[in-house]
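As structure tokens, the structure follows; a few thoughts come after it.
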Number of protein chains: 2
Amino acid sequence: MQTERKSSGTVGKALSVLDQVASFERPVRFNDILEESPFPKATLYRILQNLVTEGLLTFDREWQTYALGVRLVRLAHSAWTQSSLAPVARPHLTALSEATGETIHLAQLDGPHVLYLDKRDAKRRITMFSEAGKVGPAYCTGVGKAMLAFLPEDELQRILPQQSYHRFTPATICSQQELSSELEQIRQHGFALDREDHEPGIICVAVPVLSRTKQMMGSISITSTSARTSLGKLKKFVPDLQNAASEVATAAEYWRFPDNQRTPEKMEI
Amino acid sequence: MQTERKSSGTVGKALSVLDQVASFERPVRFNDILEESPFPKATLYRILQNLVTEGLLTFDREWQTYALGVRLVRLAHSAWTQSSLAPVARPHLTALSEATGETIHLAQLDGPHVLYLDKRDAKRRITMFSEAGKVGPAYCTGVGKAMLAFLPEDELQRILPQQSYHRFTPATICSQQELSSELEQIRQHGFALDREDHEPGIICVAVPVLSRTKQMMGSISITSTSARTSLGKLKKFVPDLQNAASEVATAAEYWRFPDNQRTPEKMEI
DNA sequence: ATTGTAGTTTCACTATTCGGAACCTAAGGG
DNA sequence: CCCTTAGGTTCCGAATAGTGAAACTACAAT
């Protein structure tokens, strides 16, 4: 589940160490990191020191452990507010959840993975930090497939081989070929289905959020259990979902340039 | 409100640019950044490119703008989960909020600022990503003063001069001297008061979360309005607050080393 | 005393980064 | 149609920062 990025440059190396620390689920000692690090002792040591002085990591002198620093939380707050669909989508997700009584997800792509940015649970109406920020696979979730299907060809070709194609359930799509044809279907229908691909008993419908210029910005899904409902019934919500998605897209574009009605510059190529 | 950090090293420079982009409240063009950047054109350009390839920034080719990347959200999720008090404090905050019917905050220090990590509102029982991650001043908030008071002397001396001492209300503490004596009071009483220091009509009591070794880990507060209650009545909650704080501290320490009862190593010096 | 383990520092070497200047466009003006 | 300006991008020698083997410290166990 570790994102593979070309970690060229000093910043990249630092980031890869940061990711590594993040991948442990609790504070770690120097040696724990060293053991699975590609960097030699001295180099790793210096990188860690840099990260600590930058506030991206904290070092607990008492236990001699490193952990992610809270500075990240502040940056993420800005990221969530300014760069994700989450703030503008918020009311629409709430409305959807109330209208359908089911769980709603908002997701965007982070490299090859799905990153959940918001969630609305019909019962407990609560969005938690601990929900936003979670990652999941793209090739076998409704939100993931909906996004992949509407990605520009070149980006798609870069991302497809990076999927793990792990079989979670008997229904999981486990090859790039199968996925490609599924994506073609999705493109034609305009929505994606999760037929218990990822978790047994969990089904969902998802639609992409597309900008006026057909750029894929994220996706929204309605999730339920096969015990409570069926794919057939879930499909009835597609118009609502599409409606919400297009409203989110409009709101997002309007919000980005509220005081400015100029059209975007012509794209090169 | 920009955190001042010694941005030595390549990573530091990159981070300072990242902070700068974050400080705008919407996507920005190259020149917007350049205008208030200490870096020359070419350097800034390269740094931005690095940040984009690392996924910390996204570049919107359509509008030619930079914005914070969602990768930060993922990292922050780990930070929130693994390094802050938030996950272990969660149930205690809920309990406090239900017992008192008032708003509860959980905060930690991020450099010289207060960083809010969780919030429980008595009415709408909802913790939002948009709340966690917010920053505020330390010298004139309950949570801030409670934390400063229990900071080791050397750290305190580093942080005190970095406060802005801006006068928000007639009751705001506006000098380092006044603050120092207030902190002494707080140390003696064991809790801090916000007497409408920051916002008119808003009052609060706060206590620090202290580890077994008396290290300051964060703080918890109960906030209300002077219209609804008084400082005198809020003080009645101090025992509950202190109780919650010590339970959070214990839970945090237990959680860090669940399978491991060894005592921390002796600190040097 | 001896060996081992975890963490820190040194320093000659090297790869990155720096940034002034030149170079592209595209847009606007005369 | 050429000139100018502004936003953005590329070059390349000089300057800086990063690298990592090895040596060192501190402590614990043998």
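In what follows, chains are A, B, ... by sequence order, proteins preceding strands, each numbered from 1.
A:Ile33 places its CD1 atom 9 Å from the P atom of C:dG7, with the value rounded to the nearest Å. When rounded to the nearest whole Å, the span between CG of B:Leu48 and C1' of D:dG8 equals 11 Å. One can place CG of B:Leu44 at 18 Å from P of C:dA21, the figure rounded to the nearest angstrom.
Residues satisfying the salt bridge (Lys or Arg N to Asp or Glu O under 4.0 Å) criterion with B:Arg187, sequence neighbours excluded, are B:Glu184. In this structure, A:Glu36 has no side-chain hydrogen bond (donor to acceptor under 3.5 Å, both in side chains) partners at least two apart in sequence or on a different chain. Contacts of B:Ser211 classified as side-chain hydrogen bond (donor to acceptor under 3.5 Å, both in side chains), with partners at least two apart in sequence or in another chain: B:Thr213. Scanning for side chain to side chain contact (heavy atoms under 4.5 Å, CB included) contacts around A:Ala86 gives A:Trp80, A:Ser84, A:Leu106, A:Leu117, with sequence neighbours left out.
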Query raised in the report: Can you give one letter per nucleotide of nucleotides 9-26 of chain D, 5' to 3': B if a protein heavy atom sits under 4.0 Å from the base, S if only from the sugar-phosphate, - if neither?
Result: BB------SSBBB-----
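Taking only side-chain nitrogens and oxygens, A:Arg29 comes nearer than 4.0 Å to OP1 or OP2 of C:dG7.
Using a cutoff of 4.0 Å between basic side-chain nitrogens and carboxylate oxygens, B:Arg29 and B:Asp60 are not scored as salt-bridged.
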Just list the side-chain donor-acceptor pairs under 3.5 Å for residues 146-153 of chain B, sequence neighbours left out, or say none.
residue  : atom : partner  : partner atom : Å
B:Glu153 : OE2  : B:Gln157 : NE2          : 2.7

